[in-house]
Chemist: 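Structure incoming, see below.
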Number of protein chains: 2
Amino acid sequence: MSSTNSLSVDELGSAAQRDRRKRILDATIALATQGGFDAVQMRAVAEQADVALGTLYRYFPSKIHLLVSALAREFERANASIGERPVPGDTSSERVIYVLRKTTRGLQGDPHLTEALTRAFMFADASVAAEIHTVGILLTRMLTHAMHPGQTDLTDDDIAIARVIGDVWLSALVGWVTGRTSAAETAAHMEKAVHLLLRD
Amino acid sequence: MSSTNSLSVDELGSAAQRDRRKRILDATIALATQGGFDAVQMRAVAEQADVALGTLYRYFPSKIHLLVSALAREFERANASIGERPVPGDTSSERVIYVLRKTTRGLQGDPHLTEALTRAFMFADASVAAEIHTVGILLTRMLTHAMHPGQTDLTDDDIAIARVIGDVWLSALVGWVTGRTSAAETAAHMEKAVHLLLRD
DNA sequence: CATGAAACTGGAACGTGTTCCTATTATGGA
DNA sequence: TCCATAATAGGAACACGTTCCAGTTTCATG
């Protein structure tokens with residue numbers, strides 16, 4: 001609820017504050033991309049963002065908040081770029097699978113970053129609920145948009161299906177980032193789930 | 001793969017080793033039940049199990065291994081007690097929901113323990129794959145058994161559906177233990193997913 | 001029983017997330 | 001412009017997971 005930690009684009013604060021926040025998130029993404037969750041060390045983030053450790057903690061109260069906020073920012077970017085073009089595919093399942101494949105491919109191209117963000121997401125507790133909720137909303141919107149392009153009034157079933165697909169996606173992602181399943185297995189399992197839920 | 005960390009009931013080693021292993025897991029469960037993930041501190045586990053810290057690490061190479069092993073033991077116990085009686089219900093979905101409700105209720109009766117075990121499960125990396133896989137097998141078996149009691153030859157769809165339900169269950173559990181969703185929401189979402197997947 | 005290997009104990013030590021404190025610097029209103 | 005307040009820098013300190021080590025005990029084997 002605090003404005004400092006809000007997800008929507010840097011809304012409040014001075015230009016200097018917005019700049020610091022951006023530098024911190026950029027450093028986070030850079031370190032996560034290089035070495036994953038373990039490489040995102042608070043001292044390293046602070047140094048790379050040219051900020052004192054205490055200041056880092058003033059902007060983000062924990063490593064988890066930091067990573068989930070970074071995730072939310074990346075997610076908003078990805079979501080915006082997907083919304084530009086209409087989703088190709090003749091049926092709901094084709095379109096959903098298209099979106100999932102595209103997103104998953106993007107994530108798998110940056111395995112360390114994905115590992116860091118997924119780990120943080122799964123480890124987050126109630127104090128990160130706001131950020132988590134934002135990500136959940138974006139994900140559900142992305143999926144329902146693929147299911148029913150341009151449609152605004154969705155049934156409860158549509159939303160429930162989107163949430164189930166999101167759950168499967170998350171589980172698959174966790175399995176993949178923790179090295180328990182291959183990329184191919186991950187994709188196959190997700191697509192199977194989509195077909196089971198959307199029979200068209 | 002090491003015999004010491006095997007999941008199936010204390011198979012190898014001397015009686016003293018089996019006893020130490022049991023004491024350690026008992027201490028883990030006790031501490032987790034009291035205070036959750038954070039309360040399971042390696043020094044505290046060692047002290048309560050009356051074992052040196054180095055010995056604890058000889059039996060379980062990390063806190064995550066320790067907690068996931070504890071989870072597997074609890075899961076085997078629960079699974080055994082469920083297998084005793086036939087599952088009530090006239091349809092697949094009724095039976096699956098019965099099993100989910102019962103299991104979830106059990107977990108929610110021990111919120112701290114559930115939080116500790118779920119957190120560990122979600123944080124586990126590839127080095128814990130064996131233990132994780134065991135839990136996954138047990139869960140899938142539990143669900144397919146509820147779907148088709150006594151049946152041994154299952155279709156690919158049956159297994160896929162069970163896995164999807166397992167994914168939803170896990171996501172719901174994570175949401176609940178991290179304080180993002182209430183018990184009622186958790187249950188409702190799971191049951192909705194079951195109905196979407198098993199339309200009978 | 002004697003002996004060498006393996007396991008165990010007790011505790012020091014290290015790394016990283018987190019907290020805290022003091023001195024310094026930016027900021028915004030009178 | 002000047003002042004009060006907040007924000008930041010720099011860094012010490014603490015907690016807990018993890019590693020490591022020296023000395024002791026247990027245990028299997030000849």
Chemist: I need the single residue from A/R73, A/R20, A/R21 that forms a salt bridge (Lys or Arg N to Asp or Glu O under 4.0 Å) with A/D26. Which is it?
Modeler: A/R73

Chemist: Which nucleotide sits closest to the side chain of A/Q17: D/dA13, C/dT9, D/dT8?
Modeler: D/dT8

Chemist: Mind checking whether A/F75 and A/F121 have ring centres under 6.0 Å apart?
Modeler: no

Chemist: For A/D157 and A/T155, test the side chains for any donor-to-acceptor distance below 3.5 angstrom and give the result as yes or no.
Modeler: no

Chemist: Would you mind telling me which residue lines up with the more 5' stretch of DNA chain D, B/D38 or B/A16, judged by nearest nucleotide?
Modeler: B/D38

Chemist: Go through D/dA9, D/dT19, D/dG17 for me and flag the one nearest to the B/L53 side chain.
Modeler: D/dT19

Chemist: I need the CG-P distance between A/L67 and C/dT18, as an integer number of Å.
Modeler: 10 Å

Chemist: Is the charged tip of B/K63 near the ring of B/F37: under 6.0 Å from the six-membered ring centre and within 45° of its axis?
Modeler: yes

Chemist: Name the nucleic acid region contacted by A/V40, choosing base, sugar-phosphate or nothing; use a 4.0 angstrom heavy-atom cut-off, strictly under.
Modeler: sugar-phosphate

Chemist: Heavy atoms under 4.0 Å, any strand shown: does A/R20 hit a base, just sugar-phosphate, or nothing?
Modeler: sugar-phosphate

Chemist: Whole-Å distance between D/dG17 P and B/L66 CG?
Modeler: 10 Å

Chemist: Starting from C1' on D/dC16, measure out to CD on B/Q41 and report it in whole angstrom.
Modeler: 6 Å

Chemist: Do B/Q108 and B/T114 have side-chain heavy atoms sitting under 4.5 Å apart?
Modeler: no

Chemist: Rounded to whole angstrom units, what separation is found between the CE atom of B/M42 and the P atom of D/dT18?
Modeler: 6 Å

Chemist: Rounding to an integer number of Å, can you tell me how far A/I24 CD1 sits from D/dA7 C1'?
Modeler: 12 Å

Chemist: What's the CG-C1' distance between B/D50 and C/dG10, to the nearest Å?
Modeler: 13 Å

Chemist: For the pair made of CZ in A/F123 and P in D/dG17, what is the distance, rounded to whole Å?
Modeler: 11 Å

Chemist: Does a nitrogen or oxygen in the side chain of A/R43 sit under 4.0 Å from OP1 or OP2 of C/dT16?
Modeler: no

Chemist: Identify which nucleotide among D/dT18, D/dA7, D/dA9 has an atom closest to any side-chain atom of B/K63, counting heavy atoms from C-beta outward.
Modeler: D/dT18

Chemist: Which one, D/dT18, C/dT18, D/dC16, comes nearest to the side chain of A/Y57?
Modeler: C/dT18

Chemist: Quick one: does B/H112's side chain have a donor or acceptor within less than 3.5 Å of a partner on B/A32's backbone?
Modeler: no

Chemist: List, one per line, each side-chain donor-acceptor pair under 3.5 Å for residues 141-148 of chain A, sequence neighbours excluded.
Modeler:
from   : atom 1 : to     : atom 2 : distance (Å)
A/T144 : OG1    : A/T140 : O      : 3.0
A/T144 : OG1    : A/R141 : O      : 3.1
A/H148 : NE2    : A/D158 : OD1    : 3.1
A/H148 : NE2    : A/D158 : OD2    : 3.4

Chemist: Scan residues 26-36 of chain A against DNA chain C and write down, sorted by residue number, each residue with any heavy atom closer than 4.0 Å; if none is found, say none.
Modeler: none

Chemist: Does the side chain of B/Y59 get closer than 4.0 angstrom to OP1 or OP2 of C/dC8 through an N or O atom?
Modeler: yes

Chemist: Please state how far atom CG in A/L56 lies from atom P in C/dT18, giving the value in whole angstrom units.
Modeler: 10 Å

